[in-house]
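Working notes for the structure below.
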Amino acid sequence: MKKKIILGVAIVTLLCGCGKTIPTLSDGKEAVVKFSDGSMISVDDLYKELKGNATSMLINMIDRKILESAYEDKMEEAEESAKNYIESLKNYYTDEKGNFDEASLLAAINQYYGYGSIEMFQESVELNYLSNLAIDDYAKNLVKEKEIEKYYKDEIVPDREVYHIQIVPEVKDTMTDAEKKEQEEIALNEAKAVIAKLKKGEKFEDLAKEYSDDEATKEEGGSLGSINKGTFGSDDFDKEVYALKVGAYSKTPVKTSKGYEIVYIKSEGEKKSLEECKEDIIKTLADKKLEEDATLQVTAMTELRKKNGVDIIDSEINASYKDYINRLMQAAKNSQNK
């Protein structure tokens, strides 16, 4: 916050001339620059020049004022996030000795974002963090109660205690396609052989210890603990987990990006109540809306400015603002159509 105050003071000092007598044009307008021939550049001239290229800067000033008030309790969080991001960037800009090269980072920031200092860039990252909070909240408000209830009914499932045996093909990058295919076939046949042993009554846990290639779970009999959708990171695996009845195991190997899986469901917990998972559902549905409609990000901030009674008095700047928003909306639509 202190930086913003100092910046404001610097601007006032520039325009007021640190107590010096400000030259005045014949029409009474204040001047900011005086030439040896007596000609001058007025404040109005400077303003006209600035406002033609200052739309995005003005929007940032408006949004910062609104967002810092609306998310006052998140300011420290935003500042910390921005600092951490800057620190992570420093790892990519080093000299030949591996030391942080500030000039190199600053040059990149100036080239890609147009900021003249790391501090200014950090403030823009903070603003972006706050903007994302506002956009998320806007999207959450679009979620209807019926959508929440439907998602709860169709998608929310209880945790299941899952065991697995993972068979990974011994494939190497140096292999030919034919060799890779052969290894895939070997792994598939091994998985089928394990299932055949299960059908004969051998214990799942014993077979996991003997055959599973998952070193993290094999000694525990293949136990993944209580998991839910998304825990394993494979849609096919999730489908198998919730297709099987409690006490059942896979009758055919499940293909995943890692290899072949044999799944066993030991037990099932209680499904959470709607109230327990409502916030998570709203977040999921809001994220989906933002993913499906990129224009919502633009609309969210536009509506927030309207809600806060933002009135751009200068007609030229107001026209520039509307054009800026239209271009953002079009860019969002174009990105969605790709």
Check: [Y] main-chain N/O paired with [X] side-chain donor or acceptor under 3.5 Å:
X      : Y      : result
Ser69  : Ile66  : no
Ser117 : Met120 : yes
Asp37  : Ser39  : yes
Arg327 : Lys322 : no
Asn141 : Asp137 : yes
Glu292 : Lys289 : no
Asp159 : Ser226 : no
Ser124 : Phe121 : yes
Thr284 : Asp280 : yes

To check you understand the geometry: which heavy-atom pair defines the closest contact between [X] and [Y], and what is its length?
X      : Y      : answer
Thr231 : Asn228 : OG1-O, 2.9 Å
Thr94  : Asn91  : CG2-O, 3.9 Å
Leu304 : Ala134 : CD2-CB, 4.0 Å
Gln336 : Asp293 : OE1-C, 3.5 Å
Tyr163 : Gly221 : CD2-O, 3.2 Å
Leu244 : Arg160 : O-NH1, 2.5 Å

Between the side chains of [X] and [Y], is a donor N or O closer than 3.5 angstrom to an acceptor N or O?
X      : Y      : answer
Glu261 : Gln166 : yes
Asp236 : Ser234 : no
Ser223 : Thr217 : no
Gln330 : Asn334 : yes

> Mind checking what makes side chain to side chain donor-acceptor pair (under 3.5 Å) contact with Asp101, not counting sequence neighbours?
Replying inline: none

What's the separation between atom [atom1] in [X] and atom [atom2] in [Y], rounded to the nearest 0.5 Å?
X      : Y      : atom1 : atom2 : answer
Glu123 : Glu126 : CD    : CD    : 6.0 Å
Leu328 : Lys333 : CG    : NZ    : 12.0 Å
Cys277 : Ile282 : SG    : CD1   : 10.0 Å
Thr55  : Ile325 : OG1   : CD1   : 9.5 Å
Met301 : Ile59  : CE    : CD1   : 9.5 Å
Tyr129 : Glu80  : OH    : CD    : 10.0 Å

Side-chain contact test, heavy atoms from C-beta onward, threshold under 4.5 Å: evaluate it for [X] versus [Y] and give yes or no.
X      : Y      : value
Gln297 : Tyr138 : no
Tyr85  : Asn128 : no
Lys209 : Lys203 : no
Glu240 : Tyr242 : no
Ile118 : Glu102 : yes
Pro169 : Glu184 : yes
Glu182 : Met175 : no
Tyr264 : Ile165 : no

>> Which residue is it: Leu296, Leu130, Leu290? I am looking for the one with a side-chain contact (heavy atoms from CB on, under 4.5 Å) to Ile135.
In response: Leu290

> Which residue pairs pass the salt bridge (charged side-chain N to carboxylate O under 4.0 Å, His left out) test with at least one member in residues 296-318, sequence neighbours excluded?
Replying inline: Lys51-Asp314, Lys51-Glu316, Asp63-Arg305, Glu303-Lys306

> Which residue pairs satisfy the salt bridge (charged side-chain N to carboxylate O under 4.0 Å, His left out) criterion with at least one member in residues 212-223, sequence neighbours excluded?
Replying inline: none

Does [atom1] belonging to [X] count more than 12 external heavy atoms closer than 6.0 Å?
X      : atom1 : value
Lys271 : NZ    : yes
Lys172 : NZ    : no
Glu276 : CD    : yes

>> Between Tyr249 and Phe204, is the ring pair (Phe, Tyr, Trp, His ring centres under 6.0 Å) condition met? List the steps.
In response: CA-CA 9 Å; Tyr249 58 82; Phe204 194 97; 7.2 Å; no

> Does the separation of the ring centres of Tyr93 and Phe100 fall below 6.0 angstrom?
Replying inline: no

> When hydrophobic residues are tied together by side-chain contacts of less than 4.5 Å, even through go-betweens, does Leu142 share a cluster with Val298?
Replying inline: yes

> Taking only residues two or more places apart in sequence, or in another chain, which ones meet Glu179 in a salt bridge (charged side-chain N to carboxylate O under 4.0 Å, His left out)?
Replying inline: none

Do any side-chain atoms of residues 148-157 form donor-acceptor pairs under 3.5 angstrom with protein atoms, and if so which ones, sequence neighbours left out?
unit_1 : atom_1 : unit_2 : atom_2 : d
Lys150 : NZ     : Asp154 : OD2    : 2.8
Tyr152 : OH     : Lys272 : O      : 2.6
Glu155 : OE1    : Lys229 : NZ     : 3.3

Considering only NZ, NE, NH1 and NH2 on the basic side and carboxylate oxygens on the acidic side, decide whether [X] and [Y] come within less than 4.0 Å.
X      : Y      : answer
Lys90  : Glu87  : yes
Glu145 : Lys278 : yes
Lys239 : Asp235 : no

Identify all side-chain donor-acceptor contacts of residues 188-197 below 3.5 Å with residues at least two apart in sequence or on another chain.
unit_1 : atom_1 : unit_2 : atom_2 : d
Asn189 : ND2    : Glu185 : O      : 3.2

